[in-house]
Amino acid sequence: MSCDIAQFIDRWYRDWFRNERMYDEWARRHGLNYTEMFALYVLNATDGCTPKYVAEFLSVSKQTINGVLDRLERRQLIERIPSAVDRRSRVVRLTGEGAQRVKMLLGELAQMEKRAFSRFTDVEIANMIELNSKLTDYIVQEMQQKNEERQDQKYKEVL
């Protein structure tokens, strides 16, 4: 490849961090942190779901999501109720107040995102999403391969 990949990676990181910071600042202006805001996003898109689902959707640990849900529950934005399917598990859903707050918070954000995305053609949007997904898949593959190599090395050291 004739391009300087290190420069592309640096630019990609800068944009990624800028994106994260932008959403974090938006959440903080509304009294939340980044993960709390996106947990509310997930709950708003469902009619109740398990904490495990929220954690997997956001790619965070079970401990992280439990802390987030505890804080949201204390603010009366969510509630945990017994599952109708399995009484041993809990379902998390928005409260009435939580739904109102999410409607304001995410509705305004969605309008800004829609206006930003509307500046692209459909093809540009599809390409951006496809390339971002591919890059994520490739990096995951590289990390998995490195983890396997490390496991093999540890095994060989034991022998």
Side-chain angles (χ1 to χ4, degrees), residues 1-81 83-85 89-144:
M1 189 171 239
S2 62
C3 59
D4 183 356
I5 294 203
Q7 287 182 346
F8 286 135
I9 292 171
D10 183 63
R11 174 62 194 270
W12 180 67
Y13 273 133
R14 288 174 187 269
D15 287 344
W16 177 13
F17 295 137
R18 183 173 168 222
N19 194 339
E20 297 257 332
R21 187 171 48 253
M22 171 191 64
Y23 282 103
D24 188 58
E25 287 173 6
W26 179 259
R28 289 190 188 286
R29 277 189 229 127
H30 293 83
L32 300 165
N33 70 35
Y34 179 90
T35 310
E36 291 167 346
M37 179 176 76
F38 283 108
L40 291 172
Y41 168 84
V42 173
L43 294 171
N44 188 56
T46 66
D47 188 29
C49 60
T50 64
K52 180 180 179 183
Y53 178 83
V54 180
E56 288 175 355
F57 190 97
L58 298 179
S59 296
V60 298
S61 70
K62 201 165 116 178
Q63 295 82 359
T64 297
I65 208 61
N66 282 331
V68 165
L69 295 176
D70 288 345
R71 289 190 299 277
L72 294 174
E73 190 171 35
R74 280 194 297 274
R75 292 186 217 150
Q76 300 178 340
L77 299 175
I78 65 153
E79 60 185 351
R80 294 174 178 150
I81 58 170
S83 167
V85 178
S89 68
R90 308 288 253 160
V91 171
V92 184
R93 68 180 183 196
L94 295 171
T95 62
E97 181 182 337
Q100 287 179 339
R101 185 139 176 222
V102 165
K103 183 178 179 181
M104 180 202 64
L105 168 76
L106 297 180
E108 201 174 351
L109 181 59
Q111 290 304 312
M112 291 184 292
E113 290 167 332
K114 285 177 185 176
R115 285 193 301 271
F117 268 85
S118 72
R119 295 175 183 166
F120 295 100
T121 66
D122 290 350
V123 171
E124 289 173 320
I125 292 169
N127 286 340
M128 178 175 50
I129 291 168
E130 179 184 358
L131 290 172
N132 191 52
S133 289
K134 277 184 172 181
L135 179 60
T136 301
D137 290 344
Y138 294 156
I139 293 171
V140 166
Q141 289 170 9
E142 290 294 324
M143 289 181 172
Q144 287 172 340

(message) Pair L135, W12 - check side-chain contact (heavy atoms from CB on, under 4.5 Å), show working.
(response) CA-CA 11 Å; L135 179 60; W12 180 67; 3.6 Å; yes
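- Between Y13 and W16, the angle of the ring planes stays under 30°, which puts this pair in the parallel group of the 30/60° scheme.
- Closest non-hydrogen pair, E73 versus R80, comes out as OE1-NH1, 3.3 Å.
- No more than 12 heavy-atom neighbours from other residues, nucleotides or ligands sit within 6.0 angstrom of CD on Q76.
- How far CZ of R29 is from CG of L105: 11.0 Å, rounded to the nearest 0.5 Å.
- Between L43 and V92, some side-chain heavy-atom pair lies under the 4.5 Å cut-off.
- How far CG of L69 is from CZ of R90: 12.0 Å, rounded to the nearest 0.5 Å.
- With rounding to the nearest 0.5 Å, the separation of OH in Y23 from CG in L109 is 5.5 Å.
- With hydrogens and angles ignored, the 3.5 Å screen pairs a side-chain donor or acceptor of N66 with a backbone N or O of K62.
- In the displayed structure, D137 atom CG is contacted under 6.0 Å by more than 12 heavy atoms of other residues, nucleotides or ligands.
- Here the closest heavy-atom approach between residue P51 and residue I65 is recorded as O-CG2, 3.8 Å.
- The main-chain N or O of H30 is found under 3.5 Å from a side-chain atom of R101 such that the two form a donor-acceptor pair.
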(request) Before giving the answer on side-chain contact (heavy atoms from CB on, under 4.5 Å), spell out for M22 and F17 the whole-Å C-alpha distance, their side-chain angles and the decisive distance to 0.1 Å. (result) CA-CA 8 Å; M22 171 191 64; F17 295 137; over 6 Å; no
(request) For R93 and I81, run side-chain contact (heavy atoms from CB on, under 4.5 Å): C-alpha distance rounded to whole Å, both residues' side-chain angles, the deciding distance at 0.1 Å, then the answer. (result) CA-CA 8 Å; R93 68 180 183 196; I81 58 170; 3.4 Å; yes
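- Between the side chains of T64 and S61, at least one donor N or O sits under 3.5 Å from an acceptor N or O.
- Partners of Y53 by side-chain contact (heavy atoms from CB on, under 4.5 Å), not counting sequence neighbours, listed by chain and number: V42, T46, C49, T50, F57.
- Here D15 pairs with R11 under the salt bridge (charged side-chain N to carboxylate O under 4.0 Å, His left out) rule; sequence neighbours left out.
- Rounding to the nearest 0.5 angstrom, the gap separating the CZ atom in F120 from the CE atom in M128 is 5.0 Å.
- With E36 contributing its side chain and N33 its backbone, the two residues share a donor-acceptor pair below 3.5 Å.
- Considering every non-hydrogen atom in both L106 and Y41, the closest pair reads CD1-CA, 3.5 Å.
- Rounded to the nearest 0.5 angstrom, L58 CG and F38 CZ are separated by 8.5 Å.
- Within the 4.5 Å cutoff, side-chain heavy atoms of I78 are placed close to those of L40.
- Between the side chain of T95 and the backbone N or O of L77 there is at least one donor-acceptor pair closer than 3.5 Å.
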(request) Test Q100 against L94 for side-chain contact (heavy atoms from CB on, under 4.5 Å), laying out the working first. (result) CA-CA 9 Å; Q100 287 179 339; L94 295 171; over 6 Å; no
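- Taking 4.5 Å as the limit, some side-chain heavy atom of W26 sits within range of a side-chain heavy atom of M112.
- Within 6.0 Å of the CE atom in M104, the count of heavy atoms belonging to other residues, nucleotides or ligands exceeds 12.
- Distance CD1/I129 to CD/E124: 12.0 Å, rounded to 0.5 Å.
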